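For ligands, and for the atoms within them, numbers begin at 1 and follow the listed sequence. Remember, predicted model here, so these are calculated numbers, not experimental data. Computed from heavy atoms alone, side chains included, the values below leave out hydrogens, waters and symmetry copies.
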Amino acid sequence: MANIVIVGTQWGDEGKGKIVDLLAEFADIVVRFQGGNNAGHTMVVNGETFISHLVPSGILQQKLCIIGNGVVVDPQVLLEEIDYLKSKGISVGPDNLMVCEKAHVIMPYHKKIDVSMENRKGACKIGTTGRGIGPCYDDKVSRRGIRFIELIDPDLLKEKLSYILDEKNFILEKYLSCEAMDSETILNEFSAYAERLAPFIKNISVIINNAIKDGKQVLFEGAQGTHLDIDHGTYPYVTSSNTVSGNACCGSGVGPKAITGIIGIVKAYTTRVGEGPFPTELFDETGDYIQKKGAEFGATTGRKRRCGWLDTVLLRNAARLNSLTGLAVTKLDVLGGVETLKICTGYEYNGKILKDVPAGIKVLAACKPVYEVLPGWKEDISEIRSLKDLPDATRSYLNKIEKLTDIPIDIISVGPGRNETIVLNNPFK
Ligand code: IMP
C-alpha cells in the first residue's frame, strides 16, 4: 500500500493541483494538511477548468477529500467552493468532504488585520494574499484561535469571541486606524456557517488512520512551496505554515511511518508571487515570453507571477528538506521556442560559490546565479505522450535536472490537461 505526499519544490504554483488530480485516481483519500485559501489549485479536465482553494484537488476524481487540522479555513470560502463545485456537476457532501474539528477558522478580523498590516508595512510588505492566513496562524500559536469544534458550540463561540474581540478591536482601532468589529454581527454570520458545515466536521486523524489500517491509499496534498515554508523558506517572505512534507503528518494526525513516497513538483522554470529575493528572476523578453506563454497569473489573487530560470540550488534544498523520492516536472511545454535555456547550479556571493540556499535574506538577494547553458527546442511537445518521442534537447534538459538533483523524474507534464502527461513511474503502483 502506498501513501504519497505531494509538495511544491519552489515558491508555489508548480502545478500541484494537476498532479494531485492525476494521481488521485489511485488513492482512496486526498488530504490537505496546511495553508488555506491562499492556495489556488487549477485542474483542467476535458477542456474544462476547475479552480479550488480549499477543497482538495481529489474532488474531481470523487475521492474522499479531507481538510486536515493543519489547514486554516475560511468557512464562507469553503461554502462558496462547495456551491461552485456542485454548480459544475460535481457531487460534494459530508460523505466525500470532511473538515477536521481541530482546524482553525479564519475570522473576519484576520482578513482585516492581514490587509491593514500589509498596508502599514509599506515598502517592507510581504505581499500576502490578504486572505487572513498569517493572522489566523498567529492566533493558533498564541492560543486564542477558534477551531471548528468551538465554531459549532454556540455558547463557547460567544464566550471566546467576546474576549478575543476586545483585543482585536484595540489593535484595529488604535494601531491600524480601522473600524472596530461587532461581535453580534460576526456571531450571526458564523452561526449560519456553523449550521451548514456541522455535518462535515469530524475527527479526521481517526478516519485516516483507520483507513490506512484497512489498506486504503492516501494522497497528502501540499499547498504553496518549500521556499515559502515558515521555517525553511526565504523568511520573512514566506507563508505562515510549514509547507514541507514533514508537516503532512502533523497537519493530518498521522505518524511518519505511514508515508511511503514523497513527490516534489518542479515547474520547468521558476516563478514567484509577492515580494522576496529570487536569484534567477528574468527582467527581459524571455521572462515576458515565459510569463505570457505559461499564463503566469496567480490563481488566487490574479497577480502577475515573476518568472525566471530553473534553479537547482532550490531544488536540491527541497530534495533534502522533504526527503523527495521522485519529481514531477510541470509546464515543460512552456519552454518550447526559447532558443537557449539556463539552469542555475550555484550562487556566487562575495567571490565564493554557494551550493546551498543562505538563510540571510540580504545575502540571498545579493547572490548571482551561476548557470549551465543548454540548447532549447522549437517543437510543440504538448501532444507527446512518451519520453522517447520528446526532442533530444528536451530530454537533455530533463536529464540535467535528474543529475543536478539526484532525484528521478517520475512524471512529466506537457500541458494543463489531465491527459497531457507522461508517467514514467506511478508512485501508487
Ligand atoms: P500569505 O500566505 O497570504 O500570508 O502570503 C505570504 C506569501 O506567500 C506571499 O508572498 C504570497 O504571495 C505567497 N503565497 C501564499 N500562497 C501562495 C500560493 O499558493 N502560491 C504562491 N505564492 C503563495
*Taking the non-hydrogen atoms of Val238, is any one of them nearer than 4.0 angstrom to ligand 1?*
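Per 4.0 Å heavy-atom rule, Val238 contacts ligand 1.
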N/O separation below 3.5 Å, [X] to ligand 1:
X: Ser240; result: no
X: Gly130; result: no
X: Asp114; result: no
X: Thr129; result: yes
X: Asp13; result: yes

Show the atoms of ligand 1 that are less than 4.0 angstrom away from any heavy atom in [X].
X: Val273; answer: 10 (O), 12 (O), 21 (C), 22 (N)
X: Ile126; answer: 10 (O)
X: Gly127; answer: 9 (C), 10 (O), 11 (C), 12 (O)
X: Gln224; answer: 15 (C), 16 (N), 17 (C), 18 (C), 19 (O)
X: Arg303; answer: 11 (C), 12 (O)
X: Trp11; answer: 21 (C), 22 (N)

*Could Lys368 and Tyr347 be counted as a cation-pi pair, given that NZ or CZ must be under 6.0 Å from the ring centre and within 45° of the axis?*
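The answer is no, since Lys368 fails at least one limit relative to Tyr347.
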*Which part of Tyr237 is near ligand 1, with near meaning a heavy atom under 4.0 Å away: side chain, backbone, both or neither?*
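Under 4.0 Å from ligand 1, Tyr237 contributes no heavy atoms.
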*Can you tell me which residue and heavy atom of the protein come closest to atom 5 (O) of ligand 1, and the distance to 0.1 Å?*
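The closest heavy atom on the protein side is Thr128 CA, 3.3 Å.
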*Can you tell which of Asn38, Thr239, Val72, Leu228 gets a heavy atom nearest to atom 14 (N) of ligand 1?*
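The residue whose heavy atom sits nearest atom 14 (N) of ligand 1 is Leu228.
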_Residue that, paired with Phe278, satisfies ring-ring contact (aromatic ring centres under 6.0 Å, His included) out of Trp11, Tyr269, Trp309_ =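 Exactly one candidate clears the test, Trp11.
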*Taking all heavy atoms of Cys367 and all of Leu354, pick out the closest pair and write down the distance.*
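Looking at all heavy atoms of both residues, the closest pair is SG-CD1, 3.9 Å.
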_Assess, by modelled atom type and distance only, whether the side chains of Asn425 and Asp410 contain a donor and an acceptor separated by less than 3.5 Å._
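Asn425 vs Asp410: donor-acceptor pair found between side chains.
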Between [X] and [Y], does at least one N-O distance fall below 4.0 Å, as a salt bridge requires?
X: Asp83; Y: Arg196; result: yes
X: Asp13; Y: Lys267; result: no
X: Arg147; Y: Glu101; result: no

*Using a 4.5 Å cut-off on heavy atoms from C-beta on, say whether the side chain of Thr9 contacts that of Asn317.*
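The answer is no; the side chains never approach within 4.5 Å.
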_Among Lys331, Arg306, Arg272, side chain to side chain donor-acceptor pair (under 3.5 Å) partner for Glu296_ =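 Option passing the side chain to side chain donor-acceptor pair (under 3.5 Å) with Glu296: Lys331.
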_With a 3.5 Å distance limit and no angle check, can you tell me whether Ser241 reaches the backbone of Gln34 through a side-chain donor-acceptor pair?_
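Judged by distance alone, no pair lies under 3.5 Å.
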